[in-house]
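Computed from a predicted structure; not experimentally measured.
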Amino acid sequence: DDEFNQGFRVYGSNIAEFTLEIYDRWGELIYTIFDLEDYWDGSYKGRICQDGTYVWKLTFTDFQNRKEIKTGHVNLLR
């Protein structure tokens, strides 16, 4: 809730299309991003999420039509 790191988003180039999915610790999908301008603000259904570790899955296709899947974790701290 300070002025830094207000959202979790995708940055990159050579991306034709992508989907970023964010899951809670129980595996529930809580946010999906399809647009480079969109970002996750640490909320779910309008409510602030608890501090903790969330899993992300990025599926993208580049302009050479190569598809890749990356996964990782993001820590939410307020």
Side-chain angles (χ1 to χ4, degrees):
D1 289 326
D2 60 13
E3 61 189 73
F4 303 103
N5 299 317
Q6 292 298 301
F8 182 69
R9 65 178 351 134
V10 173
Y11 291 98
S13 59
N14 195 30
I15 299 173
E17 62 183 30
F18 77 93
T19 303
L20 176 66
E21 298 170 325
I22 300 170
Y23 298 88
D24 66 15
R25 71 178 81 186
W26 298 279
E28 182 178 2
L29 179 63
I30 59 171
Y31 201 79
T32 305
I33 298 173
F34 301 101
D35 186 330
L36 288 173
E37 300 298 317
D38 194 8
Y39 61 91
W40 179 52
D41 65 359
S43 66
Y44 176 57
K45 294 185 178 180
R47 300 182 69 194
I48 296 172
C49 292
Q50 293 181 343
D51 287 1
T53 302
Y54 293 80
V55 176
W56 56 264
K57 177 182 175 185
L58 175 65
T59 305
F60 68 95
T61 305
D62 65 17
F63 287 112
Q64 287 75 37
N65 207 30
R66 291 179 295 214
K67 184 176 181 178
E68 289 195 46
I69 298 173
K70 305 284 185 182
T71 59
H73 300 88
V74 59
N75 292 318
L76 178 64
L77 301 171
R78 297 201 181 268

Review point. Heavy-atom count around Asp51 CG within 6.0 Å, excluding the residue itself: above 12?
Key: yes

Review point. With a 4.5 Å limit on heavy-atom distance, are the side chains of Arg25 and Thr53 in contact?
Key: no

Study note, to complete from the structure: CZ (Phe60) and OG1 (Thr19) are apart, to the nearest 0.5 Å, by 11.5 Å

Practice item. Heavy atoms only: give me the nearest Trp56-Val74 pair and the separation to one decimal. Key: CD1-N, 4.0 Å

Exercise for review: Report the distance from atom CG of Asp38 to atom CD1 of Ile33, rounding to the nearest 0.5 Å.
Suggested key: 5.0 Å

Review point. Measuring from Phe8:CZ to Leu76:CG, what's the distance to the nearest 0.5 Å?
Key: 11.0 Å

Study note, to complete from the structure: Leu29 and Ile22 have their tightest heavy-atom pair at CD1-O, 3.5 Å

Check your understanding: Just wondering, do Trp40 and Tyr54 contact through their side chains at under 4.5 Å, heavy atoms?
Key -> yes

Check your understanding: Got a salt bridge between Arg66 and Glu68, using NZ or NE/NH1/NH2 to carboxylate O under 4.0 Å?
Key -> no

Exercise for review: Report the distance from atom CG of Asp24 to atom SG of Cys49, rounding to the nearest 0.5 Å.
Suggested key: 8.0 Å

Point to revise | With Arg47 via side chain to side chain donor-acceptor pair (under 3.5 Å) - residues at least two apart | key: none

Review point. With side chains defined as the heavy atoms from C-beta onward, is the minimum distance between Asn14 and Gln64 less than 4.5 Å?
Key: yes

Exercise for review: Would you indicate whether the side-chain heavy atoms of Gln6 and Tyr39 approach each other to under 4.5 Å?
Suggested key: no

Study note, to complete from the structure: Value for CG (Leu58) from CD (Glu21), rounded to nearest 0.5 Å, stands at 9.5 Å

Point to revise | Distance in Å, Phe18 CZ paired with Phe34 CZ, rounded so as to fall on 0.5 Å steps | key: 9.0 Å

